[in-house]
Amino acid sequence: MKPTLVARDVAPAVASAAGPRGAPQAGGAHDEADAGFARDLRAALRGPSRSISPKYFYDLEGSRLFDRICELPEYYPTRVECGILARCADALAKRAGRQAEIVEFGAGSLRKVRLLLQAFEAPARYLPIDISAEHLHASATTLRHEFEGLDVQPVAADFSRCMALPPALGSGRRIGFFPGSSLGNFAPEEALDFLRRAHGLLQGGALILGVDLVKDPQRLHAAYNDAQGVTAAFNLNLLARANRELGADFDTHQFAHYAFYNAPLRRIEMHLVSRRAQAVALGAERFCLEEGESLHTENSYKFTIEGLRALAAAAGFRPGPVWTDPERLFSVHWLDAS
Ligand code: AVI
């Protein structure tokens, strides 16, 4: 098995600013992550903004719940994006050319990258970047067995902050892959910053980017308020995780999952709302919450095709073709970095 490359210049501490998924921790990263989680949760409970990064959703239980969300009838993004990718894979492969190297931001669903690996002509290398070494190794082992001869080199790094990649092989183009609308979990200025850094890494290549589109608010509302309550459990797991890992004493029954579409800001907001006046202990500190007070846990921005193309252009990309589904729920963008 090839060794995991660790991007040593990545700052270990986790910023309190919002950012997308990628936080389940393993081995030595655990203490740093715990310290980041404790610090950021404390800052969120002290206020005044009362918000915490969604990256803390993804411990093992949170990742398991997210996988269940992706299978829910109401949560269309995963299903629709996979359908689009299956239909445009050959066109993407043609643009990528022979012996391309795929760099995936987040060791995401193997189902999605498989669609690319099957269509691409003799892909030279696959570099999944994720903060979770455990998740990376599992994905790498599966893909090495499935695609004989494929060079799989996991990179353990927090791509929402900065990242360093091994030198390009020189044989084919470097193609970034950022599916799942994880870009939407960044604040707009963070999304621009991420795209600028991705542009720098992919010089001479391109980025394949999947983003969710602005649509009927009821459709969006249903996707984040599913009937089985899996999204509610995913949101509340943040508090359960704090109890497990930080010794906090949240009574999860005293918090309500609250998700709504903020139309002027074109984003779903997820909150945990206190059902009554209560006090919570975290370490030596106690925090008081009023009835109805909320902890803001996630933003999920939705895009227009033109808005996304303008954002990508501002980051230095040359926007290419866009693929959508017949209902225009989701979009996959080819963005040239040459
Ligand atoms: C990972 N991310 C793109 C998901 C989203 O839709 O923003 C996370 C999620 N939150 C609730 N449901 C799914």
Side-chain angles (χ1 to χ4, degrees), residues 18-24 51-82 84-85 104-113 128-132 135 158-160 177-188 190-191 194-195 208-215 217 219-239 241 255-262 265-273 294-303 308 329-333:
R21 69 170 303 195
S51 83
I52 187 160
S53 167
K55 67 168 77 180
Y56 296 118
F57 283 143
Y58 301 96
D59 66 343
L60 272 175
E61 177 63 6
S63 300
R64 199 183 60 77
L65 287 165
F66 181 67
D67 288 346
R68 280 184 62 200
I69 287 175
C70 293
E71 302 292 327
L72 290 169
E74 297 96 331
Y75 194 76
Y76 60 86
T78 312
R79 221 169 18 257
V80 173
E81 185 180 34
C82 284
I84 298 171
L85 285 171
E104 181 164 7
F105 299 103
S109 142
L110 288 182
R111 193 170 146 209
K112 291 178 191 170
V113 77
I129 309 177
D130 200 280
I131 203 165
S132 162
H135 194 166
D158 179 355
F159 69 83
S160 72
F177 184 42
F178 195 32
S181 207
S182 291
L183 188 77
N185 295 136
F186 284 124
E190 291 168 338
F194 167 80
L195 289 173
I208 298 169
L209 177 66
V211 296
D212 199 10
L213 296 176
V214 166
K215 62 182 61 63
R219 185 88 187 237
L220 287 168
H221 186 88
Y224 293 83
N225 290 280
D226 65 277
Q228 293 173 52
V230 183
T231 311
F234 173 72
N235 198 6
L236 286 160
N237 177 58
L238 187 100
L239 305 181
R241 179 182 181 184
F255 288 85
H257 162 71
Y258 181 50
F260 65 95
Y261 184 55
N262 182 333
L265 295 179
R266 289 182 171 156
R267 70 186 194 197
I268 287 281
E269 291 185 18
M270 290 215 312
H271 296 256
L272 289 164
V273 179
S294 103
L295 178 65
H296 187 169
T297 50
E298 186 180 62
N299 288 320
S300 188
Y301 282 86
K302 308 303 165 188
F303 299 86
L308 190 284
L329 298 175
F330 202 92
S331 58
V332 172
H333 298 247

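Just follow the structure's listing: the first ligand is 1, and inside any ligand the first atom is 1.
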At less than 4.0 angstrom from any non-hydrogen atom of [X], what atoms of ligand 1 do you find?
X      : result
Tyr75  : 4 (C), 5 (C), 6 (O), 12 (N), 13 (C)
Ser181 : 3 (C)
Ser300 : 5 (C), 6 (O), 7 (O)

Main-chain N/O of Met270 paired with His257 side-chain donor or acceptor, under 3.5 Å
no
Of the choices Phe66, Tyr58, Tyr224, which has the non-hydrogen atom that lies closest to atom 12 (N) of ligand 1?
Tyr224
With sequence neighbours left out, what residues match Arg219 under salt bridge (Lys or Arg N to Asp or Glu O under 4.0 Å)?
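With sequence neighbours excluded, Arg219 shows a salt bridge (Lys or Arg N to Asp or Glu O under 4.0 Å) to Glu327, given in chain and number order.
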According to salt bridge (Lys or Arg N to Asp or Glu O under 4.0 Å), who are the partners of Arg267, at least two apart in sequence or on a separate chain?
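Partners of Arg267 under the salt bridge (Lys or Arg N to Asp or Glu O under 4.0 Å) test: Glu269.
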Please say whether Thr231 places an N or O atom under 3.5 Å from an N or O atom belonging to ligand 1.
no
For ligand 1 and Ser182, I'd like to know whether there is a polar contact (N/O to N/O, distance under 3.5 Å).
no
Between Glu71 and Arg68, is the closest basic N to carboxylate O distance under 4.0 Å?
no
Pair Asn262, Asn299: side-chain N/O donor-acceptor within cut-off below 3.5 Å:
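No.
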May I ask you to check whether Asn235 and Tyr258 show a side-chain donor-acceptor distance below 3.5 Å?
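There is no such pair (donor and acceptor under 3.5 Å, judged by atom type) between the side chains of Asn235 and Tyr258.
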Would you say Gly180 contacts ligand 1, with heavy atoms under 4.0 Å as the rule?
yes
Using a 4.0 Å heavy-atom threshold (strictly under), name the region of Ile268 that reaches ligand 1: side chain, backbone, both or neither.
neither
